[in-house]
K.L.:
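Below you'll find the structure I mean.
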Amino acid sequence: MNATLAVMHARHSIREFESELVPMDTIRQLVEAAGRAPSSKNTQPWKLFLVQGAALEALRTDYLAAFDTGLPAKAGYRYSPDPLPEAWKARAKEVGVGIFKHKGIGRDDTEKRWAHDRENFRFFGAPQVMFLGTQASAYSHGTFLDCGFVLDNLMLGLTALGYGSCPQFSPMIYSDLLKKHLPDSADTLFISALPFGRAKSHSHVNTFHPTRLPIEAWFKVVE
Ligand SMILES: Cc1cc2nc3c(=O)[nH]c(=O)nc-3n(C[C@H](O)[C@H](O)[C@H](O)COP(=O)(O)O)c2cc1C
C-alpha cells in the first residue's frame, strides 16, 4: 500500500501513553509540516500550544480538580448538533458501548465508567499535550475546517513518526482553565486537545479500533 495511505489507515486514538517525551526537534518538524495545511485565502487561522513538564502537571491537577468537584461544563463552542441525527446517534452509541465493552466495564459499573471519563481530564496520562484553537473574536464554520486540517496533519504526522495521539473535545468544557494556564490565550477559542506520545506497549485500551462505514454509505460517484 502507498505509505501515506498506510499511515491514514494506521492512525487510531491512543488512550494510554509511555512517559517518554517526543524530542523537541521532532515536534518542531511535525508542527512545520502540519502548518502546510491549506486554509481559505491562506488565512492560517490556527493557534497551537504545546504543554509539557511542570506546566502540564499544573494544568492536569486543575483539570482533575474541576472534574472531581463537578465544575459546570462551559465549552467555547457546541461540537455537535443537538439532538444528533438518529444515524449519528446510533454510531456514537456503538463506539461508547464498544469502548466500555472492550475495557470490560459493565453497564451498571458507575465507578469504572466515571474513572473512564476521568481519564479524559488526565489527558490519558500523556507526557505532552497540544491544544489547538483559533481567534475567539473572529471565526466561522470554515475556520474550524481549516483548523481541522492542522489537527489531522498533526495526528497523521505523529503516526508516521511512530507516535500516537487522541483528539479530545472533552477538556474543552473547562477551557477557562486553559485561558488561566496558557499565556496570551485570552482571545483564543479552544477547539481540541491532542495528548500525544509513544503508545503504551501492551496496552489493552489502545487496541480498540472502532469500525468504519463501508464507503458506499457516504461516497457517491456521479458521471
Ligand atoms: C475533534 C474530536 C474530538 C474527540 N474527543 C474525544 C474525547 O474527548 N475523548 C475520547 O476518548 N475520544 C475523543 N475523540 C476520538 C473519537 O472517539 C475517535 O476518533 C473515533 O471514535 C474513531 O476512533 P479512532 O480515532 O480510534 O479511529 C475525538 C475525536 C475527534 C475528531
Side-chain angles (χ1 to χ4, degrees), residues 5-17 34 37 45-49 59-60 63-64 66-67 71 73-82 84 87-103 105 112-126 129-134 139 141-160 163-175 177-178 188-197 199-200 203-215 217-218:
L5 298 188
V7 165
M8 291 178 186
H9 277 283
R11 186 220 58 82
H12 69 285
S13 294
I14 293 301
R15 296 185 177 88
E16 213 175 356
F17 295 89
W46 41 78
K47 298 179 185 195
L48 189 66
F49 295 82
L59 182 65
R60 209 183 323 255
Y63 257 96
L64 287 175
F67 181 76
L71 190 74
K74 194 178 133 212
Y77 71 103
R78 198 176 76 185
Y79 193 96
S80 300
D82 185 13
L84 286 177
W88 300 12
K89 203 192 283 177
R91 296 199 278 271
K93 190 172 171 197
E94 188 180 317
V95 79
V97 169
I99 197 160
F100 282 133
K101 221 170 159 183
H102 184 81
K103 289 174 81 173
I105 302 175
K112 282 197 179 146
R113 283 179 172 240
W114 178 84
H116 168 90
D117 290 345
R118 189 174 190 268
E119 275 299 287
N120 272 290
F121 302 92
R122 271 187 75 234
F123 310 112
F124 303 116
V129 183
M130 290 199 226
F131 293 93
L132 177 72
T134 190
Y139 67 90
H141 294 73
T143 317
F144 282 81
L145 189 61
D146 294 340
C147 293
F149 298 136
V150 170
L151 184 61
D152 205 34
N153 276 353
L154 291 169
M155 294 188 287
L156 295 177
L158 284 162
T159 302
Y163 298 104
S165 64
C166 183
Q168 279 186 299
F169 176 72
S170 323
M172 302 302 102
I173 67 170
Y174 302 138
S175 52
L177 292 180
L178 295 175
T188 300
L189 173 71
F190 286 99
I191 296 174
S192 179
L194 189 70
F196 67 99
K200 184 114 181 160
S203 156
H204 181 63
V205 71
N206 288 345
T207 61
F208 179 62
H209 288 276
T211 57
R212 292 298 192 271
L213 294 169
I215 64 170
W218 54 272

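All ligand and atom numbering here is 1-based and tracks the order in the structure. Counting begins at 1 with the first residue of the sequence.
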K.L.:
Using a plain distance cutoff, I'd like to know if Ser192 has any nitrogen or oxygen under 3.5 Å from a nitrogen or oxygen of ligand 1.
P.N.:
no

K.L.:
Could you tell me whether the side chain of His204 and the main chain of His102 form a donor-acceptor pair under 3.5 Å?
P.N.:
yes

K.L.:
Answer yes or no: is there a donor N or O on one side and an acceptor on the other, between the side chain of Gln168 and the main chain of Pro195, under 3.5 Å?
P.N.:
no

K.L.:
In Å and rounded to the nearest 0.5 Å, what is the CG to SG distance from Leu48 to Cys147?
P.N.:
10.0 Å

K.L.:
For Pro210, take its heavy atoms, then give the atoms of ligand 1 lying under 4.0 Å from any of them.
P.N.:
21 (O), 22 (C), 23 (O), 26 (O)

K.L.:
Which residue and atom name correspond to the protein heavy atom nearest atom 3 (C) of ligand 1, and how close is it?
P.N.:
Phe169 N, 3.4 Å

K.L.:
Just jot down the ligand 1 atoms closer than 4.0 angstrom to any heavy atom of Phe124, in number order.
P.N.:
11 (O)

K.L.:
Answer with side chain, backbone, both or neither: which part of Ser13 has a heavy atom less than 4.0 angstrom from an atom of ligand 1?
P.N.:
both

K.L.:
With a cut-off of 4.0 Å, which atoms of ligand 1 are near a heavy atom of His12?
P.N.:
26 (O)

K.L.:
Quick check against the 3.5 Å criterion: does Tyr77 have a side-chain atom that pairs as donor or acceptor with the backbone of Met172?
P.N.:
no

K.L.:
Hey, which atoms in ligand 1 end up nearer than 4.0 Å to a heavy atom of Arg212?
P.N.:
22 (C), 24 (P), 27 (O)

K.L.:
Look at atom 6 (C) of ligand 1 and find which of Gly98, Ser170, Pro167 reaches it with the closest heavy atom.
P.N.:
Pro167

K.L.:
Only heavy atoms of Val95, strictly under 4.0 Å: list the atoms of ligand 1 that pass.
P.N.:
21 (O)

K.L.:
For His209, is the nearest heavy atom under 4.0 Å from an atom of ligand 1?
P.N.:
no

K.L.:
Assess the side chains of Thr159 and His12: does a donor N or O sit below 3.5 Å from an acceptor N or O?
P.N.:
no

K.L.:
Backbone N or O of Ser80 within a donor-acceptor pair of the Arg78 side chain at under 3.5 Å?
P.N.:
yes

K.L.:
Give a yes/no verdict on whether any heavy atom in Arg11 is under 4.0 Å from an atom of ligand 1.
P.N.:
yes

K.L.:
Please write down residue, atom name and distance for the protein heavy atom closest to atom 9 (N) of ligand 1.
P.N.:
Asn120 OD1, 2.8 Å

K.L.:
Please answer whether the main-chain N or O of Thr134 pairs with a side-chain N or O of Tyr139 as donor and acceptor at a distance below 3.5 Å.
P.N.:
no

K.L.:
Which residue supplies the protein heavy atom nearest to atom 12 (N) of ligand 1, what is that atom called, and how far is it?
P.N.:
Arg15 NH2, 3.2 Å

K.L.:
Distance-only, no hydrogens or angles: does the Arg60 side chain make a donor-acceptor pair with backbone N or O of Ala126 under 3.5 Å?
P.N.:
yes

K.L.:
Would you check, one step at a time, whether the test ring pair (Phe, Tyr, Trp, His ring centres under 6.0 Å) holds for Phe190 with Phe49?
P.N.:
CA-CA 10 Å; Phe190 286 99; Phe49 295 82; 5.7 Å; yes

K.L.:
Might you check, step by step, whether the distance between atom 20 (C) of ligand 1 and some protein heavy atom is under 4.0 Å?
P.N.:
no

K.L.:
What protein heavy atom sits nearest atom 2 (C) of ligand 1, and how far away is it?
P.N.:
Tyr79 OH, 3.7 Å

K.L.:
Does any N or O in the side chain of Tyr79 come within less than 3.5 Å of the main-chain N or O of Phe169, such that one atom is a donor and the other an acceptor?
P.N.:
no

